[in-house]
Amino acid sequence: MKENTTAQPAQRDLRDTSVDVVIVGAGFAGLSAAERLAGLGVSVLVVDARDRVGGRSFTGEIAGTEVDLGATWVSERHTAIRDLATRMGCSLNPQFDEGSNVLWMAGQRQAYAGTMPLVGPVDVQDLGRIQIELNRALETIDVDAAWNSPDAATLDATSFGEWLDQHQATPSTRALMYIITRVQWGCGPLDVSLLHVLRYIQAVGGLDHMLAVKGGSNEYRVTETTQEIAKRLAARLGESVVLDTPVRRISQDENGIAVHTDSATINAKYAIVTAAPEHRSYIEYQPALPAKTEGLTTSFRMGALSKAFVAYDKPFWRAEGLSGEALLADTVPAFVTFDVSPSDDGPGILMVFCTARVYDGFGPDVRRRLVIDQLVDLYGEQANSPIDYIDHCWGTEAFAPGGPHPAAPPYATVNYGEALTEPHGRIHWAGTETAGEWVGTMNGAVLTGLHTADRIADLLRVAPEGSA
Ligand SMILES: Cc1cc2nc3c(=O)[nH]c(=O)nc-3n(C[C@H](O)[C@H](O)[C@H](O)COP(=O)(O)OP(=O)(O)OC[C@H]3O[C@@H](n4cnc5c(N)ncnc54)[C@H](O)[C@@H]3O)c2cc1C
(Lines give C-alpha, C1' and ligand atoms only; values in the text may rest on other atoms or scores of the structure.)
Protein backbone atom coordinates (compact mmCIF):
# COMPACT_ATOMS: atom_id res chain seq x y z
CA MET A 1 0.00 0.00 0.00
CA LYS A 2 1.38 3.44 -0.94
CA GLU A 3 1.90 5.61 2.11
CA ASN A 4 0.26 8.98 2.33
CA THR A 5 3.17 11.34 1.96
CA THR A 6 1.11 14.30 0.83
CA ALA A 7 0.22 15.16 4.42
CA GLN A 8 3.24 17.43 4.77
CA PRO A 9 3.24 19.25 8.08
CA ALA A 10 3.89 22.72 6.70
CA GLN A 11 2.45 25.49 8.81
CA ARG A 12 2.27 25.32 12.57
CA ASP A 13 2.21 28.05 15.17
CA LEU A 14 5.56 27.69 16.90
CA ARG A 15 5.08 30.40 19.50
CA ASP A 16 5.60 29.10 23.04
CA THR A 17 7.03 25.85 21.69
CA SER A 18 9.42 24.06 23.96
CA VAL A 19 11.06 20.73 23.09
CA ASP A 20 14.08 18.73 24.17
CA VAL A 21 15.88 19.03 20.83
CA VAL A 22 15.45 21.34 17.84
CA ILE A 23 16.86 19.93 14.60
CA VAL A 24 17.75 22.35 11.81
CA GLY A 25 17.29 20.69 8.40
CA ALA A 26 14.84 18.09 7.12
CA GLY A 27 17.31 16.21 4.91
CA PHE A 28 18.33 12.64 5.68
CA ALA A 29 20.55 13.65 8.60
CA GLY A 30 17.89 15.74 10.33
CA LEU A 31 15.01 13.34 9.78
CA SER A 32 17.08 10.33 10.87
CA ALA A 33 18.15 12.13 14.05
CA ALA A 34 14.52 13.07 14.74
CA GLU A 35 13.26 9.54 14.26
CA ARG A 36 15.94 8.11 16.55
CA LEU A 37 15.29 10.66 19.31
CA ALA A 38 11.51 10.46 19.04
CA GLY A 39 11.82 6.68 19.35
CA LEU A 40 13.60 7.23 22.66
CA GLY A 41 10.81 9.43 23.95
CA VAL A 42 12.74 12.68 23.41
CA SER A 43 10.59 15.55 22.14
CA VAL A 44 11.91 16.96 18.87
CA LEU A 45 11.10 19.62 16.33
CA VAL A 46 12.65 19.59 12.84
CA VAL A 47 12.64 22.93 11.02
CA ASP A 48 13.60 23.48 7.41
CA ALA A 49 13.68 26.74 5.48
CA ARG A 50 12.56 25.08 2.27
CA ASP A 51 8.99 24.18 1.36
CA ARG A 52 9.97 20.54 1.05
CA VAL A 53 11.72 17.80 2.97
CA GLY A 54 14.67 15.82 1.60
CA GLY A 55 17.29 18.58 1.32
CA ARG A 56 19.53 17.59 -1.56
CA SER A 57 17.08 14.80 -2.53
CA PHE A 58 14.36 16.23 -4.71
CA THR A 59 11.90 14.57 -7.09
CA GLY A 60 11.06 15.96 -10.52
CA GLU A 61 8.72 14.67 -13.18
CA ILE A 62 9.39 14.18 -16.89
CA ALA A 63 7.12 12.47 -19.43
CA GLY A 64 4.97 11.21 -16.53
CA THR A 65 7.96 9.57 -14.80
CA GLU A 66 9.45 10.66 -11.48
CA VAL A 67 13.21 11.27 -11.50
CA ASP A 68 15.87 12.29 -8.98
CA LEU A 69 16.89 15.92 -9.51
CA GLY A 70 19.44 15.55 -6.73
CA ALA A 71 20.77 12.45 -4.96
CA THR A 72 20.16 9.31 -7.00
CA TRP A 73 22.34 6.27 -6.40
CA VAL A 74 22.76 3.84 -3.55
CA SER A 75 25.42 1.16 -3.38
CA GLU A 76 25.25 -2.34 -1.93
CA ARG A 77 27.38 -1.05 0.95
CA HIS A 78 25.12 1.93 1.84
CA THR A 79 23.38 -0.11 4.50
CA ALA A 80 21.96 2.77 6.56
CA ILE A 81 20.05 4.42 3.71
CA ARG A 82 19.07 1.02 2.34
CA ASP A 83 17.62 0.01 5.71
CA LEU A 84 15.76 3.30 5.88
CA ALA A 85 14.42 2.86 2.34
CA THR A 86 13.19 -0.62 3.17
CA ARG A 87 11.51 0.54 6.37
CA MET A 88 9.78 3.31 4.42
CA GLY A 89 8.48 0.78 1.88
CA CYS A 90 10.76 1.96 -0.93
CA SER A 91 12.58 -0.43 -3.23
CA LEU A 92 15.82 -0.40 -5.21
CA ASN A 93 16.33 -1.24 -8.86
CA PRO A 94 19.64 -1.69 -10.64
CA GLN A 95 21.01 1.22 -12.66
CA PHE A 96 20.73 0.19 -16.34
CA ASP A 97 24.24 -0.80 -17.41
CA GLU A 98 23.97 -3.03 -20.47
CA GLY A 99 25.83 -2.36 -23.69
CA SER A 100 28.65 -0.02 -24.58
CA ASN A 101 29.36 3.36 -23.08
CA VAL A 102 30.30 6.35 -25.20
CA LEU A 103 33.24 8.73 -24.88
CA TRP A 104 33.21 12.13 -26.57
CA MET A 105 36.71 13.58 -26.68
CA ALA A 106 38.45 16.01 -29.05
CA GLY A 107 35.40 16.05 -31.31
CA GLN A 108 35.48 12.25 -31.68
CA ARG A 109 32.88 9.73 -30.55
CA GLN A 110 34.06 6.35 -29.35
CA ALA A 111 32.23 3.40 -27.78
CA TYR A 112 33.89 1.59 -24.87
CA ALA A 113 33.21 -1.04 -22.20
CA GLY A 114 33.89 -0.74 -18.45
CA THR A 115 34.13 2.22 -16.08
CA MET A 116 37.07 4.05 -17.65
CA PRO A 117 37.33 4.62 -21.41
CA LEU A 118 40.22 3.23 -23.46
CA VAL A 119 41.60 6.49 -24.75
CA GLY A 120 44.61 5.11 -26.68
CA PRO A 121 47.62 3.10 -25.40
CA VAL A 122 49.62 6.07 -24.07
CA ASP A 123 46.66 7.53 -22.26
CA VAL A 124 45.52 4.19 -20.85
CA GLN A 125 48.99 3.76 -19.38
CA ASP A 126 48.93 7.30 -18.04
CA LEU A 127 45.50 6.89 -16.48
CA GLY A 128 46.68 3.69 -14.81
CA ARG A 129 49.79 5.48 -13.50
CA ILE A 130 47.75 8.34 -12.03
CA GLN A 131 45.30 5.90 -10.44
CA ILE A 132 48.20 4.02 -8.83
CA GLU A 133 49.59 7.32 -7.48
CA LEU A 134 46.17 8.29 -6.16
CA ASN A 135 45.65 4.89 -4.54
CA ARG A 136 49.05 5.21 -2.85
CA ALA A 137 48.05 8.57 -1.38
CA LEU A 138 44.62 7.22 -0.40
CA GLU A 139 46.20 4.58 1.83
CA THR A 140 47.49 7.33 4.13
CA ILE A 141 44.10 8.98 4.68
CA ASP A 142 42.34 8.75 8.03
CA VAL A 143 38.70 9.05 6.92
CA ASP A 144 37.48 9.97 10.41
CA ALA A 145 39.96 12.83 10.75
CA ALA A 146 41.62 13.48 7.38
CA TRP A 147 43.35 16.54 8.90
CA ASN A 148 45.31 14.18 11.17
CA SER A 149 46.53 11.94 8.32
CA PRO A 150 50.35 11.61 8.30
CA ASP A 151 50.87 13.80 5.21
CA ALA A 152 47.81 15.99 5.73
CA ALA A 153 49.63 19.33 5.62
CA THR A 154 51.40 18.49 2.35
CA LEU A 155 48.33 16.98 0.73
CA ASP A 156 46.20 19.98 1.71
CA ALA A 157 48.75 22.52 0.46
CA THR A 158 48.04 21.70 -3.15
CA SER A 159 44.96 21.55 -5.34
CA PHE A 160 44.04 18.36 -7.15
CA GLY A 161 44.72 20.19 -10.43
CA GLU A 162 48.22 21.22 -9.33
CA TRP A 163 48.90 17.64 -8.25
CA LEU A 164 47.90 16.41 -11.74
CA ASP A 165 50.32 18.99 -13.19
CA GLN A 166 53.10 17.88 -10.87
CA HIS A 167 52.52 14.28 -11.99
CA GLN A 168 52.50 15.35 -15.65
CA ALA A 169 49.13 13.81 -16.35
CA THR A 170 48.30 13.74 -20.06
CA PRO A 171 45.46 15.92 -21.35
CA SER A 172 43.18 12.86 -21.60
CA THR A 173 43.82 11.85 -17.98
CA ARG A 174 43.26 15.44 -16.91
CA ALA A 175 40.01 15.62 -18.88
CA LEU A 176 38.72 12.46 -17.17
CA MET A 177 39.77 13.72 -13.73
CA TYR A 178 38.04 17.00 -14.52
CA ILE A 179 34.83 15.04 -15.09
CA ILE A 180 35.23 13.41 -11.68
CA THR A 181 35.69 16.71 -9.83
CA ARG A 182 32.79 18.33 -11.66
CA VAL A 183 30.43 15.51 -10.80
CA GLN A 184 31.62 15.01 -7.22
CA TRP A 185 32.36 18.52 -6.01
CA GLY A 186 30.74 20.69 -8.68
CA CYS A 187 34.06 22.40 -9.49
CA GLY A 188 37.27 22.04 -11.47
CA PRO A 189 40.42 20.27 -10.16
CA LEU A 190 42.14 23.58 -9.36
CA ASP A 191 39.31 24.61 -7.02
CA VAL A 192 39.59 21.69 -4.64
CA SER A 193 42.39 20.52 -2.37
CA LEU A 194 44.05 17.16 -2.93
CA LEU A 195 43.41 16.19 0.71
CA HIS A 196 39.68 16.97 0.35
CA VAL A 197 39.51 14.85 -2.84
CA LEU A 198 41.35 11.97 -1.17
CA ARG A 199 39.16 12.15 1.94
CA TYR A 200 35.99 11.84 -0.13
CA ILE A 201 37.35 9.07 -2.37
CA GLN A 202 38.70 7.00 0.51
CA ALA A 203 35.50 7.42 2.56
CA VAL A 204 33.37 5.93 -0.21
CA GLY A 205 35.53 2.86 -0.73
CA GLY A 206 38.13 4.06 -3.25
CA LEU A 207 38.09 5.43 -6.79
CA ASP A 208 36.84 2.24 -8.45
CA HIS A 209 33.90 1.94 -6.06
CA MET A 210 33.13 5.65 -6.42
CA LEU A 211 32.87 5.45 -10.22
CA ALA A 212 31.46 2.00 -10.86
CA VAL A 213 27.89 1.02 -11.57
CA LYS A 214 28.00 -2.76 -10.94
CA GLY A 215 29.44 -3.28 -7.47
CA GLY A 216 30.00 0.47 -7.04
CA SER A 217 28.41 3.68 -5.81
CA ASN A 218 26.06 3.92 -8.79
CA GLU A 219 24.62 0.41 -8.57
CA TYR A 220 21.00 1.07 -7.56
CA ARG A 221 18.34 3.73 -7.92
CA VAL A 222 15.36 4.07 -5.61
CA THR A 223 12.25 3.11 -7.57
CA GLU A 224 10.07 5.67 -5.80
CA THR A 225 12.89 8.33 -5.89
CA THR A 226 15.20 9.17 -3.01
CA GLN A 227 13.11 12.13 -1.81
CA GLU A 228 10.16 9.79 -1.35
CA ILE A 229 12.10 8.04 1.44
CA ALA A 230 12.41 11.41 3.21
CA LYS A 231 8.76 12.29 2.56
CA ARG A 232 7.56 9.04 4.11
CA LEU A 233 9.81 9.47 7.13
CA ALA A 234 8.60 13.07 7.57
CA ALA A 235 4.98 11.94 7.29
CA ARG A 236 5.60 9.51 10.17
CA LEU A 237 7.13 12.31 12.25
CA GLY A 238 3.96 14.33 11.60
CA GLU A 239 3.78 17.70 13.35
CA SER A 240 7.39 17.40 14.48
CA VAL A 241 8.50 18.57 11.02
CA VAL A 242 7.91 22.19 10.07
CA LEU A 243 8.75 23.66 6.66
CA ASP A 244 9.15 27.20 5.27
CA THR A 245 10.88 28.16 8.51
CA PRO A 246 14.44 29.46 8.22
CA VAL A 247 16.35 29.46 11.49
CA ARG A 248 17.92 32.92 11.84
CA ARG A 249 19.57 32.89 15.25
CA ILE A 250 20.48 30.40 17.96
CA SER A 251 21.31 31.70 21.41
CA GLN A 252 22.28 29.59 24.39
CA ASP A 253 23.29 29.76 28.03
CA GLU A 254 23.81 27.22 30.80
CA ASN A 255 20.05 26.66 31.09
CA GLY A 256 19.22 25.89 27.48
CA ILE A 257 18.95 27.04 23.95
CA ALA A 258 16.65 29.40 22.05
CA VAL A 259 16.15 28.91 18.32
CA HIS A 260 14.80 32.02 16.62
CA THR A 261 12.79 31.90 13.41
CA ASP A 262 11.05 34.85 11.74
CA SER A 263 7.91 34.34 13.80
CA ALA A 264 8.82 32.42 16.92
CA THR A 265 11.42 31.46 19.47
CA ILE A 266 11.64 27.76 20.23
CA ASN A 267 13.16 26.77 23.55
CA ALA A 268 15.11 23.54 23.80
CA LYS A 269 17.85 21.76 25.69
CA TYR A 270 19.96 21.06 22.60
CA ALA A 271 20.05 21.82 18.88
CA ILE A 272 21.32 19.66 16.04
CA VAL A 273 22.27 21.71 12.98
CA THR A 274 22.50 19.61 9.81
CA ALA A 275 23.10 22.48 7.36
CA ALA A 276 26.13 22.03 5.09
CA PRO A 277 29.19 23.86 6.52
CA GLU A 278 28.76 26.98 4.34
CA HIS A 279 25.07 27.18 5.26
CA ARG A 280 25.80 27.09 8.99
CA SER A 281 26.78 30.73 8.52
CA TYR A 282 23.19 31.69 7.61
CA ILE A 283 22.48 31.48 11.32
CA GLU A 284 23.66 34.04 13.85
CA TYR A 285 25.04 32.42 17.00
CA GLN A 286 25.08 33.83 20.52
CA PRO A 287 27.71 33.34 21.80
CA ALA A 288 29.52 33.58 18.45
CA LEU A 289 31.08 30.55 16.81
CA PRO A 290 34.74 29.91 17.55
CA ALA A 291 37.19 31.11 14.87
CA LYS A 292 37.77 27.58 13.57
CA THR A 293 34.08 27.02 12.88
CA GLU A 294 33.83 30.47 11.27
CA GLY A 295 36.76 29.49 9.06
CA LEU A 296 34.99 26.28 8.12
CA THR A 297 31.82 28.08 7.05
CA THR A 298 33.71 30.54 4.87
CA SER A 299 36.12 28.05 3.28
CA PHE A 300 33.97 24.95 2.72
CA ARG A 301 32.02 26.65 -0.09
CA MET A 302 29.51 24.51 -1.93
CA GLY A 303 30.29 23.54 -5.50
CA ALA A 304 27.44 23.58 -7.99
CA LEU A 305 26.14 20.92 -10.33
CA SER A 306 23.12 20.99 -12.63
CA LYS A 307 21.10 18.08 -13.90
CA ALA A 308 19.05 17.91 -17.08
CA PHE A 309 16.64 15.13 -18.08
CA VAL A 310 15.64 14.49 -21.68
CA ALA A 311 12.79 12.10 -22.49
CA TYR A 312 12.13 10.17 -25.71
CA ASP A 313 9.36 7.76 -26.73
CA LYS A 314 11.71 4.83 -26.16
CA PRO A 315 15.29 4.33 -24.94
CA PHE A 316 16.32 4.04 -28.61
CA TRP A 317 20.04 3.81 -27.76
CA ARG A 318 19.43 0.43 -26.07
CA ALA A 319 18.42 -1.09 -29.42
CA GLU A 320 21.80 0.09 -30.75
CA GLY A 321 23.66 -1.75 -27.98
CA LEU A 322 24.38 1.42 -25.98
CA SER A 323 24.02 1.76 -22.21
CA GLY A 324 23.11 5.46 -22.30
CA GLU A 325 26.19 6.09 -20.17
CA ALA A 326 28.55 8.65 -21.70
CA LEU A 327 31.50 10.84 -20.75
CA LEU A 328 32.02 14.12 -22.56
CA ALA A 329 35.62 14.97 -21.84
CA ASP A 330 36.30 18.41 -23.24
CA THR A 331 33.00 20.02 -24.07
CA VAL A 332 30.31 21.89 -22.14
CA PRO A 333 27.78 22.09 -20.61
CA ALA A 334 26.90 18.35 -20.56
CA PHE A 335 29.68 16.08 -19.36
CA VAL A 336 28.05 12.80 -18.21
CA THR A 337 24.86 10.96 -19.23
CA PHE A 338 23.04 7.98 -17.71
CA ASP A 339 19.97 6.03 -18.78
CA VAL A 340 17.25 6.38 -16.13
CA SER A 341 14.39 5.02 -18.25
CA PRO A 342 11.79 3.07 -16.28
CA SER A 343 11.81 0.19 -18.82
CA ASP A 344 12.59 -0.82 -22.42
CA ASP A 345 9.04 0.19 -23.34
CA GLY A 346 9.58 3.82 -22.59
CA PRO A 347 9.75 6.58 -22.03
CA GLY A 348 13.49 6.62 -22.67
CA ILE A 349 15.08 9.09 -20.26
CA LEU A 350 18.65 10.34 -20.24
CA MET A 351 19.94 12.04 -17.11
CA VAL A 352 22.62 14.58 -18.01
CA PHE A 353 25.10 16.21 -15.62
CA CYS A 354 25.87 19.78 -16.66
CA THR A 355 28.59 22.23 -15.66
CA ALA A 356 26.80 24.88 -13.62
CA ARG A 357 29.23 27.63 -14.59
CA VAL A 358 28.36 27.44 -18.28
CA TYR A 359 24.76 26.26 -17.95
CA ASP A 360 22.92 28.04 -15.14
CA GLY A 361 23.33 31.51 -16.64
CA PHE A 362 21.29 30.67 -19.76
CA GLY A 363 17.51 30.72 -20.01
CA PRO A 364 15.61 27.41 -20.15
CA ASP A 365 15.31 27.32 -23.96
CA VAL A 366 19.04 27.78 -24.51
CA ARG A 367 19.88 25.23 -21.81
CA ARG A 368 17.60 22.70 -23.49
CA ARG A 369 19.08 23.34 -26.95
CA LEU A 370 22.68 23.08 -25.72
CA VAL A 371 22.06 19.72 -24.04
CA ILE A 372 20.07 18.22 -26.92
CA ASP A 373 22.78 19.23 -29.43
CA GLN A 374 25.32 17.35 -27.33
CA LEU A 375 23.03 14.31 -27.13
CA VAL A 376 22.82 14.31 -30.93
CA ASP A 377 26.64 14.12 -31.02
CA LEU A 378 26.51 11.13 -28.69
CA TYR A 379 23.41 9.23 -29.77
CA GLY A 380 22.65 10.42 -33.29
CA GLU A 381 19.80 12.28 -34.96
CA GLN A 382 17.06 10.48 -32.98
CA ALA A 383 18.21 12.45 -29.94
CA ASN A 384 16.94 15.57 -31.69
CA SER A 385 13.29 14.57 -31.13
CA PRO A 386 12.67 14.57 -27.41
CA ILE A 387 9.15 14.43 -25.98
CA ASP A 388 10.00 16.28 -22.77
CA TYR A 389 12.81 18.10 -20.97
CA ILE A 390 13.41 19.31 -17.41
CA ASP A 391 16.42 20.46 -15.45
CA HIS A 392 17.46 21.59 -12.01
CA CYS A 393 20.32 23.96 -11.19
CA TRP A 394 21.48 23.30 -7.62
CA GLY A 395 23.60 26.42 -7.60
CA THR A 396 20.50 28.60 -7.99
CA GLU A 397 18.33 27.06 -5.25
CA ALA A 398 16.61 29.89 -3.38
CA PHE A 399 17.82 28.65 0.02
CA ALA A 400 21.04 26.77 0.84
CA PRO A 401 22.21 26.62 -2.80
CA GLY A 402 24.90 24.33 -4.16
CA GLY A 403 25.85 20.71 -4.19
CA PRO A 404 26.55 17.90 -4.34
CA HIS A 405 29.34 18.75 -1.91
CA PRO A 406 31.60 21.53 -0.63
CA ALA A 407 34.62 22.20 -2.82
CA ALA A 408 37.15 22.77 -0.03
CA PRO A 409 40.21 24.61 -1.39
CA PRO A 410 43.82 24.08 -0.25
CA TYR A 411 44.47 24.56 3.48
CA ALA A 412 40.77 24.44 4.45
CA THR A 413 40.65 20.82 5.65
CA VAL A 414 43.81 21.01 7.75
CA ASN A 415 42.91 24.37 9.25
CA TYR A 416 39.19 23.92 9.80
CA GLY A 417 38.29 20.23 9.33
CA GLU A 418 38.14 19.58 13.08
CA ALA A 419 35.29 22.09 13.33
CA LEU A 420 33.05 19.87 11.20
CA THR A 421 32.01 17.93 14.29
CA GLU A 422 33.20 20.00 17.28
CA PRO A 423 30.02 20.98 19.21
CA HIS A 424 29.45 24.63 20.05
CA GLY A 425 28.06 24.38 23.56
CA ARG A 426 24.56 22.95 23.23
CA ILE A 427 24.72 22.97 19.43
CA HIS A 428 25.78 19.70 17.81
CA TRP A 429 26.55 19.37 14.10
CA ALA A 430 25.34 16.58 11.84
CA GLY A 431 24.88 16.25 8.08
CA THR A 432 26.76 14.28 5.49
CA GLU A 433 29.79 16.61 5.57
CA THR A 434 30.42 15.60 9.18
CA ALA A 435 30.60 11.88 8.32
CA GLY A 436 33.80 9.85 8.31
CA GLU A 437 33.04 6.81 6.19
CA TRP A 438 30.48 7.61 3.45
CA VAL A 439 30.98 11.37 3.67
CA GLY A 440 29.01 13.11 0.94
CA THR A 441 26.43 10.37 0.49
CA MET A 442 22.87 9.95 1.73
CA ASN A 443 24.22 6.98 3.67
CA GLY A 444 26.69 9.27 5.44
CA ALA A 445 23.89 11.73 6.19
CA VAL A 446 21.73 9.05 7.83
CA LEU A 447 24.67 7.76 9.89
CA THR A 448 25.55 11.23 11.20
CA GLY A 449 21.91 11.81 12.14
CA LEU A 450 21.77 8.57 14.11
CA HIS A 451 25.13 9.05 15.81
CA THR A 452 24.41 12.64 16.79
CA ALA A 453 21.01 11.64 18.13
CA ASP A 454 22.67 8.98 20.26
CA ARG A 455 25.16 11.51 21.63
CA ILE A 456 22.35 13.89 22.55
CA ALA A 457 20.33 11.05 24.05
CA ASP A 458 23.34 10.29 26.23
CA LEU A 459 23.52 13.92 27.30
CA LEU A 460 19.83 13.83 28.14
CA ARG A 461 20.56 10.61 30.00
CA VAL A 462 18.25 8.58 27.81
CA ALA A 463 19.68 5.17 26.99
CA PRO A 464 19.89 4.72 23.20
CA GLU A 465 18.64 1.35 22.02
CA GLY A 466 20.31 -0.56 19.19
CA SER A 467 22.68 2.26 18.26
CA ALA A 468 23.79 2.25 14.62
C1 LIG B 1 22.96 16.86 -7.81
C2 LIG B 1 23.27 15.97 -6.63
C3 LIG B 1 23.51 14.63 -6.84
C4 LIG B 1 23.79 13.79 -5.76
N5 LIG B 1 23.92 12.44 -5.99
C6 LIG B 1 24.03 11.60 -4.93
C7 LIG B 1 23.95 10.18 -5.13
O8 LIG B 1 23.76 9.70 -6.25
N9 LIG B 1 24.06 9.38 -4.02
C10 LIG B 1 24.24 9.90 -2.76
O11 LIG B 1 24.32 9.12 -1.80
N12 LIG B 1 24.29 11.23 -2.56
C13 LIG B 1 24.18 12.09 -3.60
N14 LIG B 1 24.17 13.44 -3.40
C15 LIG B 1 24.50 13.95 -2.04
C16 LIG B 1 23.31 13.79 -1.10
O17 LIG B 1 22.21 14.48 -1.63
C18 LIG B 1 23.67 14.37 0.26
O19 LIG B 1 24.80 13.71 0.75
C20 LIG B 1 22.57 14.19 1.32
O21 LIG B 1 21.29 14.34 0.78
C22 LIG B 1 22.82 15.22 2.42
O23 LIG B 1 21.84 15.12 3.42
P24 LIG B 1 21.94 16.07 4.69
O25 LIG B 1 20.76 15.81 5.51
O26 LIG B 1 23.28 15.95 5.28
O27 LIG B 1 21.90 17.57 4.09
P28 LIG B 1 20.81 18.28 3.18
O29 LIG B 1 20.10 17.29 2.34
O30 LIG B 1 21.51 19.38 2.47
O31 LIG B 1 19.78 18.89 4.22
C32 LIG B 1 20.07 20.05 4.96
C33 LIG B 1 18.80 20.86 5.09
O34 LIG B 1 19.04 21.94 6.00
C35 LIG B 1 18.24 23.01 5.60
N36 LIG B 1 18.77 24.23 6.20
C37 LIG B 1 20.01 24.75 6.08
N38 LIG B 1 20.13 25.88 6.81
C39 LIG B 1 18.94 26.08 7.41
C40 LIG B 1 18.42 27.10 8.27
N41 LIG B 1 19.18 28.13 8.69
N42 LIG B 1 17.14 27.01 8.68
C43 LIG B 1 16.36 25.97 8.29
N44 LIG B 1 16.79 24.99 7.46
C45 LIG B 1 18.06 25.04 7.03
C46 LIG B 1 18.32 23.00 4.09
O47 LIG B 1 17.22 23.67 3.52
C48 LIG B 1 18.32 21.49 3.79
O49 LIG B 1 17.04 21.03 3.47
C50 LIG B 1 23.87 14.31 -4.45
C51 LIG B 1 23.60 15.67 -4.24
C52 LIG B 1 23.30 16.49 -5.31
C53 LIG B 1 23.00 17.95 -5.07
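Both counts, for ligands and for their atoms, begin at 1 and track the order of listing. All values below come from the heavy atoms of this structure, side chains included, with hydrogens, waters and symmetry mates left out.
- Near Thr72, the atoms of ligand 1 lying under 4.0 angstrom from a non-hydrogen atom of the residue are 5 (N), 6 (C), 7 (C), 8 (O).
- Distances shorter than 4.0 angstrom occur between a heavy atom of Gly70 and an atom of ligand 1.
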*asked:* Please determine whether side chain to side chain donor-acceptor pair (under 3.5 Å) holds for the pair Thr59 and Gln227, giving the CA-CA distance in whole Å, both sets of side-chain angles, and the decisive distance to 0.1 Å.
replied: CA-CA 6 Å; Thr59 306; Gln227 192 198 10; 3.2 Å; yes
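- Close approach of ligand 1 to Ala29 (heavy-atom distance below 4.0 Å) involves ligand atoms 25 (O), 26 (O).
- Shown in contact with Trp73 at under 4.0 Å from a heavy atom are these atoms of ligand 1, numbered in order with element: 7 (C), 8 (O), 9 (N), 10 (C), 11 (O).
- Residue contacts with ligand 1 include Thr245, since one of its heavy atoms falls under 4.0 Å from the ligand.
- The protein non-hydrogen atom at the shortest distance from atom 53 (C) of ligand 1 is Pro404 CA, 3.6 Å.
- For ligand 1, the atoms lying closer than 4.0 Å to a non-hydrogen atom of Val47 are 43 (C), 44 (N).
- Summary of contacts: the protein heavy atom closest to atom 36 (N) of ligand 1 is Phe399 CE2, 3.9 Å.
- In this model, a donor atom of one side chain and an acceptor atom of the other lie less than 3.5 Å apart for Thr223 and Ser91.
- Looking at atom 26 (O) of ligand 1, its nearest protein heavy atom turns out to be Thr432 N, 2.8 Å.
- With hydrogens left out, the protein atom closest to atom 34 (O) of ligand 1 is Gly25 CA, 3.2 Å, a heavy atom.
- A donor-acceptor contact closer than 3.5 angstrom is absent between the side chains of Tyr285 and Gln252.
- Between Phe300 and His196, the distance from one ring center to the other falls under 6.0 angstrom.
- At a 3.5 angstrom cut-off on N or O pairs, Ala49 counts as close to ligand 1.
- Considering only non-hydrogen protein atoms, atom 13 (C) of ligand 1 sits nearest to Ala71 CB, 3.4 Å.
- Of the protein's non-hydrogen atoms, Met442 N, 2.8 Å is the one closest to atom 11 (O) of ligand 1.
- Residue Ile283 has at least one heavy-atom neighbour below 4.0 Å for each of these atoms of ligand 1: 41 (N).
- Annotation for Arg368 and Tyr389: closest pair CA-CZ, 3.5 Å, computed over non-hydrogen atoms.
- Contact annotation: Gly54 has at least one heavy atom less than 4.0 Å from an atom of ligand 1.
- Closest protein heavy atom to atom 48 (C) of ligand 1: Asp48 OD2, 3.4 Å.
- Residue contact check: Gly27 has heavy atoms under 4.0 Å from atoms 25 (O), 29 (O), 31 (O) of ligand 1.
- Ring geometry, Trp394 versus His392: the interplanar angle exceeds 60°, so the pair is classed perpendicular (tilted spans 30 to 60°).
- Side chains of Asn101 and Ser323: a donor-acceptor N/O pair is present below 3.5 angstrom, by distance only.
- No donor-acceptor distance shorter than 3.5 angstrom exists from the side chain of Thr245 to the backbone of Ala49, with no hydrogens or angles considered.
- Cation-pi check for Arg52 over Phe58 is met; the charged atom lies under 6.0 angstrom from the ring centroid and within 45 degrees of its normal.
- Phe335 places none of its side-chain heavy atoms less than 4.5 Å from the side chain of Tyr178.
- Checking Ala435, Gly440, Ala445 against atom 18 (C) of ligand 1, the nearest heavy atom belongs to Gly440.
- The distance criterion of under 3.5 Å between nitrogen or oxygen atoms is met by Phe28 with respect to ligand 1.
- For the pair Arg221 and Trp73, the cation-pi criterion (under 6.0 Å, within 45° of the ring axis) is not fulfilled.
- Below 4.0 Å from some heavy atom of Val24 lie the following atoms of ligand 1, by number and element: 39 (C), 40 (C), 42 (N), 43 (C), 44 (N), 45 (C).
- Side-chain contact of Trp104 with Asp377: a donor-acceptor pair under 3.5 Å is absent, judged by distance alone.
- Close contacts of ligand 1 with Gly431, meaning ligand atoms under 4.0 Å from a residue heavy atom, involve 26 (O).
- Side chains of His260 and Thr265: a donor on one and an acceptor on the other come within 3.5 Å.
- Looking from atom 30 (O) of ligand 1 to the surrounding protein, the closest heavy atom is Arg56 NE, 2.8 Å.
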